[in-house]
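Here's the structure, in structure tokens; my notes come after.
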Amino acid sequence: MEVKHKGRAPRGFPLPHTRGDPCLHRRQHSLPTTDEGHSSTGGSVGISTIGNETRLASLRESLAREKPVRIVEVHSPLAAVIAEHAQGKGPDKREFHGFWSSSLTDSALRGLPDIELLDMELRLSWIDQIFSVSTLPLVMDGDTGGQTLHFEHMVKAMERRGVSAVVIEDKCGEKRNSLLPGDGLHTMAPVDEFCEKISRGKAAQSFTDFMIIARLEGLITGLPRQEILDRAAAYVAAGADGLVLHSRSSDEAPLLDLARELRRRHPGTPLVAIPTAYPSVTEEELHAAGFSLIIYANQMLRAATRAMEEVSHRILDHGRALEAGEVCIETSKLLSMSEDKRPIVRAPRD
């Protein structure tokens, strides 16, 4: 396999076409194949056939379209299968364009607090499992990025695995999830130190399509508007490929107003929204304010957790499985997944 250094796609790994839907291109390449490599409707689709370089590059390809790019949290290969084959109602038939690997859900799934306890190589090994059954690009939640020297190695490791981008937040000290309130709980990183982390991470990467996205935590910590704008400018100058404007307020007005100003000042830098705290805001409204990438950061695990709680209670309440079955998929869908992933998702929707 030829490795690409500071270039576009290597020979043997063409980029998705810019015309049409890049996601459709990837899904066509992941169709089941016969032994001769021809498309077949009866073969197994248990192993993804997309190359890491193609997957890595496809996020930028999606962002090049002037439409909102939506990605969703996946915490397991099964979650990735469900997300990749999900489709919205209506004529648009919306689909997800990629995945989000969340440090919060990775930690919660293992009964741990979200305080950067998980080893990065361990998280990347879980991403390997997700990639083995999927074709969409993935953005990784890199927390603070850790020490700068460690971040350089982290960038190289993510590139090797086919990760398309990493998001790092401009905080320092002990990691605390940004959605947690509390005075003094969150400490902003010095601008020069965070800029050095970005620039050294960019210098360490081998693939020009890999993205380092800086997460602005100023709305979380209560920084003045101008300081947030100044930080954004410094991060872009240091090489940041995108900016997350993060907020835990249900009032989206300050966020949208600041996003419009950031879009005006940095028209070539993708803006990223994580609408966990303001879920009523539509993708169209976010895109109109300047956001290019929308991350649904934890909904899949939250939904799974509620479902597991409900099933547990129904079994205990009734002393049998009948009532629990009302909120379960058929066992046959699990049995057929290795032959065709699509039956695991609910029936076609009008």
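Just so you know, these numbers use all the heavy atoms, side chains as well, and skip hydrogens, waters and symmetry mates. Keep in mind that what you see is a predicted model, and the values were worked out from it rather than measured.
Residues Asp317 and Glu323 form no side-chain contact, since every pair of their non-hydrogen atoms from C-beta on lies 4.5 Å or further apart. Contact annotation: the side chain of Val133 never approaches that of Glu84 to less than 4.5 Å [non-hydrogen atoms, C-beta and beyond]. A heavy-atom distance below 4.5 Å is not found between the side chains of Thr282 and His287. Looking at Leu223 and Arg231, their side chains come closer than 4.5 Å, going by heavy atoms from C-beta outward. Residues Leu219 and Leu245 have side chains in contact (heavy-atom distance under 4.5 Å, counting atoms from C-beta outward). When side chains are defined from C-beta on, Leu243 does not count as touching Ile213, because their heavy atoms never get closer than 4.5 Å. At least one side-chain heavy atom of Leu256 sits under 4.5 Å from a side-chain heavy atom of Leu286.
Salt bridge absent: Glu152 and Lys156 never bring a charged side-chain N and a carboxylate O closer than 4.0 Å. Taking a cutoff of 4.0 Å between a charged side-chain nitrogen and a carboxylate oxygen, Glu326 and Arg314 qualify as a salt bridge. Salt-bridge check for Lys333 with Glu330: passed, with a basic side-chain N closer than 4.0 Å to an acidic carboxylate O. Salt-bridge formation is detected for the pair Arg161/Glu121: a Lys NZ or Arg NE/NH1/NH2 atom is positioned less than 4.0 Å from an Asp or Glu carboxylate oxygen. Using a 4.0 Å cut-off between charged nitrogen and carboxylate oxygen, Arg94 and Glu284 count as a salt-bridge pair. Salt bridge status for Glu217 with Arg215: present, with a side-chain N to carboxylate O gap under 4.0 Å.
Rounded to the nearest 0.5 angstrom, Arg200 CZ and Leu149 CG are separated by 6.0 Å. In this structure, the separation between CE on Met211 and CE on Met158 is 12.5 Å, given to the nearest 0.5 Å. If you take CD1 on Ile168 and CD1 on Ile198, they are separated by 5.5 Å, rounding to the nearest 0.5 Å. With values rounded to the nearest 0.5 angstrom, Phe99 atom CZ is found 12.5 Å from Leu59 atom CG. Between Tyr296 atom OH and Trp100 atom CH2 the span is 14.5 Å, to the nearest 0.5 Å. Here the straight-line distance linking atom NE2 of His246 with atom CG of Leu255 works out to 10.0 Å at 0.5 Å rounding.
Annotation for Arg306: atom CZ does not count as buried by contact number, only 12 or fewer foreign heavy atoms lying within 6.0 Å. Surrounding CD of Gln299 are more than 12 heavy atoms belonging to other residues, nucleotides or ligands, all under 6.0 Å away.
A donor-acceptor pair shorter than 3.5 Å can be found between the side chains of Ser103 and Asp143. Side chains of Glu73 and His75: a donor on one and an acceptor on the other come within 3.5 Å.
Applying the salt bridge (charged side-chain N to carboxylate O under 4.0 Å, His left out) test to pairs two or more places apart or on separate chains, those with a residue in residues 104-113 are Asp106-Arg123.
Checking side-chain atoms of Glu95 against main-chain N and O of Gly88 turns up no donor-acceptor pair under 3.5 Å.
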